Amino acid sequence: MSATVQATASLSNDHAAALSKDRLIERWLMLSLAAPALLLVLVCLLVPVAWLFYMSFYTDGGQATLVNYQRLVEQPSYARIFWTTFEVSVLTTGICAVLGYPLAYFMSQLSTRAANLCMIAVLLPFWTSLLVRTYAWLVLLQRSGLINSWGMQLGLWSEPLPLVNNMAGTLIGMVHIMLPFIVLPLYGSMRAIDRTLLQAAANLGAGPVQSFWRVFLPLSLPGLTGGVLIVFILCLGFYVTPEVLGGGRVIMVSSRIASDIDTFLNWGSASALGAVLLVLTFLLLWIASRVAKGFSLFGAGH
Amino acid sequence: MMWLDRPATDTQITHRSRLWLYALAVVLFAFLIVPTLIVIPMSFSESQYLEFPPRSLSLRWYETYFNSRSWMQATATSFKAAALTVVVATPLGTIAAYGLYNAELATARLVSLLLVTPIVIPVILVGTAIFYAYVKLKMVNSLIGVVLAHSILAIPIVIMIVTSALKSFDMNQERVARSLGASRIEAFFMVVLPQIKFAILTAAVLSFLTSFDEVIVSLFVSGGENSTLTRNMFAALRDQIDPTIAAISTMMIVVTSVLLALAQLFGQQSKR
């Protein structure tokens with residue numbers, strides 16, 4: 001009798017073992033479905049990126065060296081490039097925050113229906129090609145462009161302003177591209193704010209201004225930090241807009257990497273610059289994932 | 001104008017004291033929309049220079065575009081590359097998303113992280129790294145090279161869209177099908193696929209657009225006979241401004257809008 005029980009138990013143990021083994025096999029089988037995509041990304045992107053990174057520590061002859069990084073520190077031209085990149089990124093992010101916050105605030109106060117309509121306007125730039133938009137700005141901002149001719153007709157200024165092929169043009173173009181990236185997370189976090197908290201603040205005697213600063217603003221901060229970080233990260237690696245609207249006068253890290261490879265075939269310098277850019281980007285992404293709860297690169301609605 | 005003195009929010013602030021906010025919102029919406037749309041009327045200008053509003057209308061810049069061998073070749077390359085990217089990225093991304101979603105393993109998280117890196121790494125580095133790999137693999141300036149590079153950028157998007165569709169799908173339905181005797185593959189094609197097909201379609205449309213709009217990677221890996229439209233446009237924008245680009249831009253806007261409208265239409269159907 002007891003022998004039978006034991007036999008049954010061991011049989012069911014065997015069964016359980018077999019079942020869990022089956023499940024494990026199945027899970028690995030499922031995982032293997034990702035293999036083709038992973039292989040493609042590994043072979044064509046991740047291994048080459050790692051290789052570039054590795055190469056930045058070696059000379060062309062194959063000697064371990066820090067010369068590529070030394071150059072970045074010592075040559076004033078690199079200091080200028082880093083400064084420009086930083087300047088463009090900080091200014092763009094700042095302008096986007098200052099403009100995006102009230103815009104998101106306005107949208108968060110509307111009915112969902114009206115807000116969805118406004119959302120189309122915010123998302124329209126996402127749907128149109130980056131080149132088309134850059135081209136449009138080139139046309140609008142040129143000496144005989146719409147902005148200059150209207151400004152002069154209205155008597156706002158008498159000479160055509162230099163709006164393109166410089167920092168001003170770059171910033172206008174960058175802000176146009178980056179604004180949606182900050183409005184989306186801001187709008188998301190503002191929509192989530194419990195309105196009764198504002199009523200409570202009003203009940204307790206806070207005026208509109210006070211309840212904004214002490215209740216609304218702190219509650220919308222996660223959205224703001226998230227948006228600011230996304231925009232800053234995207235700005236650091238930007239290429240097309242500064243290249244076209246900066247007219248060769250606004251040289252950012254990306255432009256330098258491209259010209260190092262395109263014109264000079266200088267892989268050493270390009271790989272070191274790339275490594276710095278990559279480390280900086282991942283560092284910021286890591287900070288973003290810690291600072292902003294539920295942070296995602298694409299914000300809401302993308 | 002009684003409306004102006006009514007409170008706008010729960011915090012007793014009136015519409016009148018918030019007029020600046022409305023004005024700012026209008027200006028910003030104009031700032032976001034106008035630059036894109038202004039290209040369209042400009043493309044019909046008769047003038048050799050860019051002007052807005054155009055003094056007289058003509059189709060001459062469209063003619064220039066359609067009569068230019070290099071623009072036509074670039075357009076063909078872009079369409080071919082985009083269509084092939086759809087063919088590569090959509091199935092690869094879909095089965096990866098399905099597999100990763102069902103593999104309850106710690107490794108799966110790592111793999112999904114690796115698969116989304118292409119959209120986190122600065123594009124210029126994606127461009128240089130792929131160029132570097134292609135120099136070794138002798139794939140620079142080949143159509144297949146462009147397609148694989150664009151697929152790398154499209155796969156994360158496909159994975160994100162399909163994963164979110166899988167999350168709203170009840171996996172028990174698949175279990176039921178299998179307990180009724182369907183094999184895993186049959187269950188996938190007969191139960192799972194019909195339910196996520198609109199997400200896959202959206203993913204396909206976005207893969208197409210990812211490839212069609214991509215500039216920086218194309219700049220590095222496409223060239224010669226296989227230059228993409230965006231690569232040539234970028235080169236033209238750096239060198240000279242020519243209204244032909246306005247015509248091309250207008251057509252790009254049309255292609256994008258039509259595709260997104262289609263995706264939207266299918267998306268609506270899937271909700272019903």
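All figures in this text were calculated on a predicted structure; none of them were measured in a lab. No hydrogens, no waters, no symmetry mates; every other heavy atom, side chains included, goes into these values. Residue numbers begin at 1 in each chain, while the letters A, B, ... track the order of the sequences.
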Between [options], the one whose heavy-atom pairs under 4.5 Å with chain B are most numerous:
{"options": "Pro125(A), Gly248(A), Ser254(A)", "answer": "Ser254(A)"}
{"options": "Trp267(A), Phe216(A), Phe282(A), Phe238(A)", "answer": "Trp267(A)"}
{"options": "Leu124(A), Leu46(A), Leu131(A), Thr128(A)", "answer": "Leu131(A)"}
{"options": "Val244(A), Thr134(A), Leu236(A)", "answer": "Val244(A)"}
{"options": "Ala34(A), Gly237(A), Gly145(A), Ala270(A)", "answer": "Ala34(A)"}

Worksheet item: Are any of the side-chain heavy atoms of Arg195(A) and Gln109(A) separated by less than 4.5 Å?
Response: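 With C-beta onward as the side chain, the pair touches.
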Worksheet item: Salt-bridged, Glu243(A) to Arg256(A), with N to O below 4.0 Å?
Response: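 Between Arg256(A) and Glu243(A) there is no salt bridge, as every charged N stays at least 4.0 Å from the carboxylate O atoms.
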Discussion item. Tell me whether the rings of Tyr105(A) and Phe212(A) are parallel (<30°), tilted (30 to 60°) or perpendicular (>60°).
Written reply: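 If you compare the ring of Tyr105(A) with that of Phe212(A), the planes turn out perpendicular.
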Worksheet entry | Contact class of Leu45(A) relative to chain B, heavy atoms under 4.5 angstrom |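 Both backbone and side chain.
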Worksheet item: Regarding Ser56(A) and Ser271(A), is there a side-chain donor-to-acceptor distance under 3.5 Å anywhere?
Response: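 On atom types as modelled, these side chains do not qualify, holding no pair under 3.5 Å.
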Discussion item. Please classify the contact between Ile253(B) and chain A as side chain, backbone, both or neither, with a heavy-atom cut-off of under 4.5 Å.
Written reply: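 The answer is the side chain of Ile253(B).
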Worksheet item: For the side chain of Thr85(A) and the backbone of Val253(A), is there at least one donor-acceptor N/O pair under 3.5 Å apart?
Response: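 Yes, Thr85(A) side chain to Val253(A) backbone: donor-acceptor pair under 3.5 Å.
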